[in-house]
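Data first, discussion second: the structure below is written as structure tokens.
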2 protein chains.
Amino acid sequence: MKNEKSMEQDILEAAESLFLKKGFALTSTTMIAKAVGCNQALVHYYFRTKEKLFEAVFSLKLKIFLSSFTQIEERDISFEEKLRFKMEKHFDVLYKNQQLPFLILNELVTNPARIASIKEQIKDKIGSVFSQFAQELEREIEKGNIRPISPLDLLFSAMSLNIAFFILKPVMLETLGMDNEQFNQFALKRKEENVMTILNSLRPLKG
Amino acid sequence: MKNEKSMEQDILEAAESLFLKKGFALTSTTMIAKAVGCNQALVHYYFRTKEKLFEAVFSLKLKIFLSSFTQIEERDISFEEKLRFKMEKHFDVLYKNQQLPFLILNELVTNPARIASIKEQIKDKIGSVFSQFAQELEREIEKGNIRPISPLDLLFSAMSLNIAFFILKPVMLETLGMDNEQFNQFALKRKEENVMTILNSLRPLKG
DNA sequence: AGAAGTATTAATAGACCTATTAAATAGGAG
DNA sequence: CTCCTATTTAATAGGTCTATTAATACTTCT
């Protein structure tokens with residue numbers, strides 16, 4: 001009947017859930033243990049320190065989060081279509097990990113030391129993906145299909161719209177009086193709206 | 001020689017700075033006292049509890065933050081111009097209070113109870129401003145000057161671009177290896193880029 | 001100067017947290 | 001059954017935090 005997976009896995013999952021909800025500082029190993037239903041010392045037995053446990057959770061989540069960027073679209077489709085797919089993929093990943101952006105930001109702000117390790121994980125992959133993206137964008141601009149814009153600005157705008165939506169979720173729930181179901185409903189529309197906003201904004205200026 | 005303002009004011013300011021940097025949970029009254037150079041008990045003497053001290057800081061900051069929305073543009077200018085001014089104002093307020101979005105979000109996530117009081121402060125003003133905005137937008141869409149879009153979506157997109165820029169500041173500093181000066185430089189360009197992105201995206205679809 | 005009030009400090013209670021240690025228990029191999 | 005190892009628990013040291021209390025310094029008024 002019971003979850004026979006292993007205590008270690010249970011602890012990891014409880015930790016993940018709590019870290020995502022509360023962040024590192026507000027989650028205690030005592031709370032994690034209580035959530036699992038085991039002794040608090042056991043948390044330390046498996047992961048030695050709270051810090052190490054957090055890293056186990058965090059690096060896993062970070063990989064998921066970055067996957068939406070690093071995947072290269074292989075099919076032979078237009079730049080705009082590629083951009084659309086990337087944004088949709090990005091949005092989907094966020095949708096499935098709604099608290100993740102907050103967690104990342106929270107740790108970035110409160111414990112910037114942690115950024116160093118992130119940087120390493122990101123650098124290589126992102127670098128090459130970005131330069132390819134920049135190249136393709138450049139070409140489109142030259143062809144006059146797209147208004148002049150720096151690749152960084154474009155990437156930033158696209159990411160901002162998606163990320164902000166989930167970051168601002170708690171604001172929305174409260175101020176608009178939504179529940180989770182309504183929010184998810186809204187998210188479906190919002191995904192398309194974000195894509196539209198970016199694609200429209202890229203149209204060349206005059207004619 | 002010394003700052004003669006009053007200890008109370010000093011404490012408030014130190015608290016503000018620390019709360020903005022670290023958030024509520026990671027700021028201790030001991031740290032605040034140390035920053036001011038007074039005894040820790042004094043912090044409690046003036047503000048009774050850490051919670052009350054935080055509220056003093058927070059509600060003040062919140063008013064500043066909301067001011068960019070609630071101000072109505074009086075001049076007789078086009079809808080697009082109004083939108084441009086509002087976005088620029090919004091961006092400016094964020095620029096002057098760069099850590100504020102994070103603080104608000106942080107407290108919203110970790111202590112949602114606090115949202116209740118925010119809601120009250122927001123509701124009346126925002127409500128009327130929003131409905132006027134919606135009305136004007138509706139008219140522009142009917143005239144064919146702007147593609148169909150819900151006022152909520154538009155507001156959200158505009159806010160998202162601005163807020164995300166400052167929320168993501170720590171990510172940028174690290175991954176792009178910027179310093180504060182470079183970030184501020186980038187912000188100037190980014191303000192215009194955000195406005196452009198929104199305005200361009202609003203152009204009617206076909207012709 | 002001295003009394004009365006305010007501002008500030010030192011000391012500490014009580015709660016909770018992390019991490020460690022040592023002891024209890026379970027389950028398999030011989 | 002017995003030993004061995006891995007898992008789990010109880011107990012606790014040592015730290016930090018908030019809040020309170022009692023004592024001291026500083027003002028002001030007479």
Side-chain angles (χ1 to χ4, degrees), chain A residues 1-60 103 106-107 109-114 117, chain B residues 1-60 103 106-107 109-114 117:
Chain A
M1 275 321 109
K2 247 189 155 183
N3 187 0
E4 291 297 343
K5 270 182 191 172
S6 84
M7 200 76 253
E8 184 173 352
Q9 185 63 20
D10 288 354
I11 291 173
L12 194 72
E13 284 167 15
E16 173 180 319
S17 157
L18 284 168
F19 281 140
L20 281 169
K21 254 196 271 281
K22 298 288 197 174
F24 182 81
L26 293 185
T27 301
S28 69
T29 53
T30 314
M31 288 167 61
I32 294 170
K34 201 181 289 174
V36 174
C38 71
N39 189 281
Q40 176 258 352
L42 203 58
V43 176
H44 289 273
Y45 170 72
Y46 280 112
F47 297 93
R48 194 147 208 87
T49 68
K50 183 183 164 186
E51 184 78 21
K52 283 190 199 304
L53 172 55
F54 181 83
E55 278 165 18
V57 169
F58 191 67
S59 75
L60 199 74
L103 179 68
N106 195 29
E107 299 315 317
V109 170
T110 58
N111 186 351
R114 193 130 36 210
S117 78
Chain B
M1 275 317 113
K2 245 189 157 185
N3 186 0
E4 293 296 343
K5 269 184 192 173
S6 82
M7 201 79 255
E8 182 173 353
Q9 185 64 19
D10 288 354
I11 290 173
L12 195 71
E13 284 169 15
E16 174 179 318
S17 157
L18 284 169
F19 281 140
L20 281 168
K21 253 196 266 290
K22 297 287 198 175
F24 182 82
L26 293 183
T27 302
S28 70
T29 53
T30 312
M31 289 167 61
I32 295 170
K34 201 181 289 174
V36 174
C38 73
N39 188 281
Q40 175 259 352
L42 203 57
V43 177
H44 291 272
Y45 170 73
Y46 281 114
F47 297 93
R48 194 149 208 86
T49 67
K50 183 183 165 188
E51 183 78 21
K52 283 190 198 304
L53 172 54
F54 181 84
E55 278 164 20
V57 169
F58 191 67
S59 75
L60 199 72
L103 180 67
N106 195 29
E107 299 316 317
V109 170
T110 58
N111 187 350
R114 192 129 40 208
S117 78

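Just so we're clear, the structure is a prediction, and the values are computed from it rather than from any experiment. Below, chain A is the first sequence line, B the second, and so on; all start at residue 1.
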Applying side-chain contact (heavy atoms from CB on, under 4.5 Å), can you list everything that pairs with A/Leu26, at least two apart in sequence or on another chain? A/Lys22, B/Ala25, B/Thr110
Under the side-chain contact (heavy atoms from CB on, under 4.5 Å) test, which residues partner B/Ser17, sequence neighbours left out?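 B/Ser17 satisfies side-chain contact (heavy atoms from CB on, under 4.5 Å) with B/Lys21 only.
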Side chain to side chain donor-acceptor pair (under 3.5 Å) partners of A/Thr29, counting only residues at least two apart: A/Gln40, A/His44
Please report, rounded to the nearest Å, how far the C1' atom of C/dT9 is from the CD1 atom of B/Ile32. 18 Å
Report the distance from atom CG of A/Leu53 to atom C1' of C/dC17, rounded to the nearest whole Å. 15 Å
Roughly how far apart are A/Leu20 CG and A/Phe58 CZ, rounded to 0.5 Å? 10.0 Å
Can you list every salt bridge (charged side-chain N to carboxylate O under 4.0 Å, His left out) pair that touches residues 29-50 of chain B, not counting sequence neighbours?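 Every candidate salt bridge (charged side-chain N to carboxylate O under 4.0 Å, His left out) pair involving residues 29-50 of chain B fails, so no pair, neighbours aside, qualifies.
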Whether each nucleotide of nucleotides 7-20 of chain D has a protein heavy atom under 4.0 Å at its base (B), only at its sugar-phosphate (S) or at neither (-) is summarised, 5' to 3', as BBBB------SBBB
